[in-house]
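See structure below.
Given the structure is predicted, the values throughout are model-derived calculations rather than measurements. Naming convention: chains lettered A, B, ... in sequence-line order (proteins, then strands); numbering from 1 in each chain.
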Amino acid sequence: MKDNIAAQARGMPIPTPDGEFTAYYSARGLCGLEFPPGTRQRAAKAGEAVPTAQVRRWHVAVSKALTLALAGRPPEKVPPLDLSSGTAFQQRVWRALRQIGWGRTKSYAQVAEAIGNAKAVRAVGGACAANPIPVFVPCHRVLAANQCLGGFSGGLAWKRRLLASEGSKSGGASPSLHPGP
DNA sequence: CCCTAGCGGTGCT
DNA sequence: AGCACCGCTAGGG
């Protein structure tokens, strides 16, 4: 899969009230999103697309959608996501994650069941950790079985933040969770 | 509360 | 091939 253009690994900034995110694009769409620096962040996949007119258009849409999401309003339309970097298993998980609606949550076990591999619970966690596009691929909507937070590669503070913006209770039922930083 | 065993995918040797 | 990670879970001290 190399509809490679100029192999330009440049990220494009998205200023938000919560800090500056960085977005990466391929020829197929958004392929990576980084949280603002400061806390833990993931190593985003490098984008390969030069900022064509289309990429710029995507970027505007992504920026708008992200800002909306952070403001607690579900983005109505999101640009195409390029998830081709993942393994077959990861892509299956990510697709399942995208079906979890705004404000809803699932456990890792439920996601495993949803992809028809009920025992691959822990592997689902691994796939979530490898998610290149947080927020839009809502890995933050996956909680531990006891409604505890579970983990989050971008830092649990972000997971809480995202859940809060969706009106989800992040383990509110069971206060005895091991929080994070 | 803590500990353990079993689980599946991934990435490194 | 093997092996050591893990954003897990269920079951027992």
Legend entry - Nucleotide paired to dC7(B) in any strand shown, Watson-Crick or G-U, under 3.5 Å: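 With both distances under 3.5 Å required, dC7(B) matches none.
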
Inset, instruction - In plain terms, say whether Arg104(A) and Glu166(A) are close enough for a salt bridge, that is, a side-chain N and a carboxylate O under 4.0 Å apart. - result: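 No, this pair does not count.
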
Legend entry - side-chain N/O Asn146(A) vs dC8(C) OP1/OP2, d < 4.0 Å: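 Asn146(A) to dC8(C) OP1/OP2: no side-chain N or O under 4.0 Å.
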
May I have the distance from [X] (atom [atom1]) to [N] (atom [atom2]), rounded to whole angstrom?
{"X": "Gln147(A)", "N": "dT9(C)", "atom1": "CD", "atom2": "C1'", "result": "14 Å"}
{"X": "Phe152(A)", "N": "dC8(C)", "atom1": "CZ", "atom2": "P", "result": "13 Å"}
{"X": "Lys106(A)", "N": "dT9(C)", "atom1": "NZ", "atom2": "P", "result": "14 Å"}
{"X": "Leu149(A)", "N": "dC8(C)", "atom1": "CG", "atom2": "P", "result": "11 Å"}
{"X": "Tyr108(A)", "N": "dC8(C)", "atom1": "OH", "atom2": "P", "result": "6 Å"}
{"X": "Asn117(A)", "N": "dT10(B)", "atom1": "CG", "atom2": "P", "result": "11 Å"}
{"X": "Leu162(A)", "N": "dG7(C)", "atom1": "CG", "atom2": "P", "result": "18 Å"}
{"X": "Arg122(A)", "N": "dA4(C)", "atom1": "CZ", "atom2": "C1'", "result": "11 Å"}

Inset, instruction - Remember a base hit wins even if backbone is also touched, and classify Phe89(A) as base, sugar-phosphate or nothing at under 4.0 Å, heavy atoms. - result: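 It contacts sugar-phosphate atoms only.
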
Inset, instruction - Report the nucleotide, chosen from dT10(B), dT9(C), dG8(B), that has the shortest atom-to-atom distance to any side-chain atom of Ala123(A). - result: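 In terms of side-chain proximity for Ala123(A), the closest of dT10(B), dT9(C), dG8(B) is dG8(B).
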
Inset, instruction - Using a 4.5 Å cut-off on heavy atoms from C-beta on, say whether the side chain of Leu70(A) contacts that of Phe21(A). - result: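 They are in side-chain contact.
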
Legend entry - Donor on one side chain, acceptor on other, Ser168(A) and Arg141(A), under 3.5 Å: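 There is no such pair (donor and acceptor under 3.5 Å, judged by atom type) between the side chains of Ser168(A) and Arg141(A).
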
Inset, instruction - Please confirm whether Phe136(A) and Trp58(A) have ring centers closer than 6.0 angstrom. - result: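 When the ring centroids of Phe136(A) and Trp58(A) are compared, they turn out to be at least 6.0 Å apart.
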
